[in-house]
Amino acid sequence: MSIYASKLHLSLSGARALHLAAQGLLQPRRRKAVKADVLEAIRRMQMLQIDTINVVARSPYLVLWSRLGDYPPAWLDELLAEGSLFEYWAHEACFLPIEDYGLYRHRMLDPAAMGWKYSGAWMRERAGEVAALLAHIRSNGPVRSSDFERSDGKSGGWWEWKPEKRSLEVLFTAGQLMIARRHNFQRVYDLAERVLPGWSDERLPALADVRRTFALRTVKALGLAKAAWIPDYHRTRRPHVDPEALADEGLLLRASVEGWDEPLYIHPDHAGLARQAAAGLLAPTLTTILSPFDPVVWDRRRALELFGFDYRLECYTPAAKRRHGYFTLPLLRRGALVGRVDAKAHRRAGIFEVKAALFEPGLRVSDALVRDVAGALLRCARWHGCTRVQVNRAEPEVLAARLALALGAPAVLGQAA
């Protein structure tokens with residue numbers, strides 16, 4: 001019977017495998033990455049979320065490493081500067097394929113709907129300053145916020161941006177400025193018409209079509225999706241597209257997962273993968289380290305429902321209240337999220353410090369698991385330019401010595417200098 005005529009039924013492990021296959025995380029790559037693979041990975045995910053924390057490689061670079069293995073991070077910067085990517089608000093601030101600019105243009109034309117990302121009051125009350133800033137960029141070329149000295153006596157914290165930085169950001173949200181490139185990961189702002197000279201709003205797709213496109217692309221990026229998972233991926237607002245209606249049109253396939261009451265939806269482009277998953281023929285073999293802002297875990301509810309993984313990022317939590325660590329990285333092992341590591345790359349010293357390796361309660365700690373995790377840590381350390389992996393703590397405690405042993409001679413147990 002055709003997949004289009006019957007509803008697929010998947011086990012939970014099959015659902016996980018399909019999700020990971022869609023995300024490019026099912027099996028290790030068989031060939032060395034080339035620059036085009038960076039762009040293809042972003043297209044596959046639909047977006048690449050940006051975050052600036054750099055105790056290990058900044059999130060966008062780490063998300064790509066999880067999928068591509070060793071690659072030069074400069075490729076991402078080059079793709080932005082070359083115009084293959086642009087930056088805008090998707091799930092959050094993201095790198096996006098340039099061909100998708102029109103899908104996000106509606107948000108730029110209605111920036112007041114973007115919440116804290118835009119301030120109409122600022123634009124009204126500082127109209128003269130904003131106009132002068134635009135004139136400066138038009139006459140003198142692209143700018144960074146660091147090009148402007150702070151003159152208000154404030155410290156420069158997250159909510160204490162200098163006025164020019166705030167103006168740059170609201171102009172960016174409104175689509176008047178774009179990010180031409182990054183310099184040492186700092187945004188370089190320029191006029192939108194110079195960054196994307198060929199664009200005309202006459203090419204703007206209808207908003208209803210954009211919403212349908214976002215829903216369909218989300219299901220494709222996730223491999224399979226509950227209706228409740230879909231709006232979060234592109235952070236779409238109501239009215240949400242009904243995936244049942246899309247399935248009625250033949251644009252999505254229906255599925256079910258063992259133990260779940262809600263229907264699941266699959267993109268037709270994944271019909272072959274879905275059949276393999278339903279037959280138990282998709283075998284996840286990749287073990288790797290994920291960013292906290294990886295699509296697999298950025299929706300904490302989805303990670304809990306799909307993987308049974310209760311994950312919270314604690315870098316914004318006071319130190320005394322943290323359970324797991326400042327910037328814990330989820331451990332993906334052969335189709336399961338088995339734990340997390342609180343890590344820091346001491347690049348100058350050549351040490352990749354694992355402050356804590358914390359495995360899920362009840363996990364069976366086998367030799368194969370230890371080897372897989374140790375291998376992922378070593379690969380990640382080498383990519384960071386670190387020749388030694390240092391494990392300070394592991395839970396359960398019996399794992400600490402075994403993990404250090406599996407890491408080999410470069411590994412040590414103890415505190416970082």
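Residue indices begin at 1 and follow the sequence shown.
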- Note on the structure: To the nearest 0.5 Å, atom CG of Leu48 lies from atom NE2 of His91 at 12.0 Å
- Item | Pairs meeting criterion salt bridge (Lys or Arg N to Asp or Glu O under 4.0 Å) with involvement of residues 282-301, two or more places apart | Arg67-Asp294
- Message: If I take atom CD from residue Gln186 and atom CD1 from residue Ile179, how far apart are they, to the nearest 0.5 angstrom?
- Response: 11.5 Å
- Task: Please say which of Arg388, Gln390, His346, His384 ends up in a side-chain contact (heavy atoms from CB on, under 4.5 Å) with Phe352.
- Result: His384
- Residue pair Ile42, Leu76: steps toward the side-chain contact (heavy atoms from CB on, under 4.5 Å) verdict: CA-CA 10 Å; Ile42 296 172; Leu76 178 61; 3.9 Å; yes
- Task: List in chain and number order the residues that pass side-chain contact (heavy atoms from CB on, under 4.5 Å) with Glu395, two or more places apart in sequence or in another chain; answer none if no residue qualifies.
- Result: Leu358, Arg393
- Message: Treating Lys226 as the side-chain partner and Pro263 as the backbone partner, does any N or O pair qualify as donor plus acceptor under 3.5 Å?
- Response: no
- Query: Do the side chain of Glu353 and the main chain of Ala345 share a donor and acceptor less than 3.5 angstrom apart?
  - Reply: no
- Close side-chain approach of Leu168 to Ile137, heavy-atom, < 4.5 Å: yes
- Of all heavy-atom pairs linking Leu20 and Gly335, the shortest is CD1-CA, 3.6 Å
- Message: In the structure I gave you, are the side-chain heavy atoms of Leu290 and Trp65 within less than 4.5 Å of one another anywhere?
- Response: no
Please report, to 0.1 Å, the donor-acceptor pairs under 3.5 Å made by any side chain of residues 370-383, with sequence neighbours excluded.
from   : atom 1 : to     : atom 2 : distance (Å)
Asp372 : OD2    : Arg333 : NE     : 2.9
Asp372 : OD2    : Arg333 : NH2    : 3.0
Asp372 : OD2    : Arg334 : NE     : 2.7
Arg379 : NH1    : Gly375 : O      : 3.4
Arg379 : NH2    : Thr287 : O      : 2.7
Trp383 : NE1    : Tyr71  : O      : 3.0

- Item | Any pair counted as salt bridge (Lys or Arg N to Asp or Glu O under 4.0 Å), so long as it reaches residues 172-185, sequence neighbours left out | Glu87-Arg182
- Task: Would you indicate whether the side-chain heavy atoms of Met178 and Tyr189 approach each other to under 4.5 Å?
- Result: no
- Looking only at atom types and distance, does a side-chain atom of Asn54 sit under 3.5 Å from a main-chain N or O of Val56, one as donor and one as acceptor? no
- Residues which pass ring pair (Phe, Tyr, Trp, His ring centres under 6.0 Å) with Phe359, listed by chain and number, not counting sequence neighbours: none
- Message: What I want to find out is whether Arg203 reaches Asp201 closely enough, with some N-O distance under 4.0 Å, to be called a salt bridge.
- Response: no
- Task: Compare all side-chain heavy atoms of Ser66 with those of Leu25 and state whether any distance is below 4.5 angstrom.
- Result: yes
- Distance in Å, Ile289 CD1 paired with Leu329 CG, rounded so as to fall on 0.5 Å steps: 6.5 Å
- Do Tyr118 and Glu169 meet the criterion of a side-chain donor-acceptor pair at a distance under 3.5 Å? no
- Should the pair Arg187 and Phe172 be classed as cation-pi, given the thresholds of under 6.0 Å to the six-membered ring centre and 45° from the axis? yes
- Glu305 side, atom CD; Leu12 side, atom CG - distance, nearest 0.5 Å: 11.0 Å
- Query: How would you list, by chain and number, every residue that makes a side-chain contact (heavy atoms from CB on, under 4.5 Å) with Leu96, sequence neighbours excluded?
  - Reply: Met47, Phe86, Tyr88, Ala90, Cys94, Tyr104
- Item | Stacked cation flag Arg166 on Trp122, 6.0 angstrom / 45 deg | yes
- In short, Arg211 meets Arg238 closest at the heavy-atom pair NH2-O, 4.2 Å
- Query: Do the two ring centres, one from Trp298 and one from Trp229, sit under 6.0 Å apart?
  - Reply: no
- Query: Hey, mind stepping through Gln46 and Thr218 against side-chain contact (heavy atoms from CB on, under 4.5 Å) and telling me if it holds?
  - Reply: CA-CA 8 Å; Gln46 300 295 316; Thr218 294; over 6 Å; no
- Message: Distance alone, cut at 3.5 Å: any donor-acceptor contact between the side chains of Ser145 and Glu164?
- Response: no
- Task: Determine which pairs satisfy salt bridge (Lys or Arg N to Asp or Glu O under 4.0 Å) with at least one residue from residues 341-352, sequence neighbours left out, and list them in order.
- Result: none
- Please list all pairs passing the salt bridge (Lys or Arg N to Asp or Glu O under 4.0 Å) test where one or both residues lie in residues 71-82, with sequence neighbours left out. Lys35-Glu78, Lys35-Glu82
- Under a 4.5 Å cut-off applied to non-hydrogen side-chain atoms, are Val338 and Phe309 in contact? no
- Residues at least two apart in sequence or cross-chain that pass side-chain contact (heavy atoms from CB on, under 4.5 Å) with Gln276, listed by chain then number, are Leu273, Leu281, Leu282
- Message: Assess whether a salt bridge exists between Arg44 and Glu40, defined as any Lys/Arg side-chain N lying under 4.0 Å from an Asp/Glu carboxylate O.
- Response: no
- Can you tell me how far the CG atom of Leu207 sits from the NE2 atom of His106, to the nearest 0.5 Å? 5.0 Å
- In terms of heavy-atom contacts, Leu62 and Ala57 come closest through CB-O, 4.1 Å
- Query: For Leu103 and Phe214, which heavy atoms make the closest approach, and how far apart are they?
  - Reply: O-CZ, 3.6 Å
- Query: Of the non-hydrogen atoms in Arg254 and Tyr265, which two are nearest, and what is the gap between them?
  - Reply: CG-CE2, 4.3 Å
- Please assess Tyr233 against Val219 for the test side-chain contact (heavy atoms from CB on, under 4.5 Å), listing each intermediate value before the final yes or no. CA-CA 9 Å; Tyr233 204 83; Val219 177; over 6 Å; no
- Task: Tell me, please, which residues at least two apart from His267 pass ring pair (Phe, Tyr, Trp, His ring centres under 6.0 Å).
- Result: none
- OG (Ser59) and CD (Glu92) are apart, to the nearest 0.5 Å, by 12.0 Å
- Message: Could you check whether any side-chain N or O of Tyr311 sits under 3.5 Å from a backbone N or O of Thr328, counting only pairs where one atom can act as donor and the other as acceptor?
- Response: yes
- For Ser84 and Leu39 the tightest heavy-atom approach is O-CD1, 4.0 Å
- Any donor-acceptor N/O pair, Arg340 side chain to Pro330 backbone, under 3.5 Å: no
- Contact check, side chains of Arg58 and Ile53, non-hydrogen atoms, under 4.5 Å: no
- Message: Donor-acceptor check, side chain of Gln27 to backbone of Ala283, threshold 3.5 angstrom: yes or no?
- Response: yes
- Message: I'd like to know if the side chain of His9 and the backbone of Ala278 have a donor-acceptor N/O pair within less than 3.5 Å.
- Response: no
- Dump the intermediate steps for side-chain contact (heavy atoms from CB on, under 4.5 Å) on His136 and Val143, then the final yes or no. CA-CA 9 Å; His136 174 84; Val143 301; 3.8 Å; yes
- By side-chain contact (heavy atoms from CB on, under 4.5 Å), Arg237 pairs with (sequence neighbours left out) Asp110, Ala113
- Message: I'd like to check the ring pair (Phe, Tyr, Trp, His ring centres under 6.0 Å) partners of Trp199; sequence neighbours left out, ordered by chain and number.
- Response: Tyr101
- Item | Glu262 side chain reached by Ser256 side chain, heavy atoms, under 4.5 Å | no
- Taking the side chain as C-beta and beyond, is there a heavy-atom pair between Leu191 and Arg138 under 4.5 Å? yes
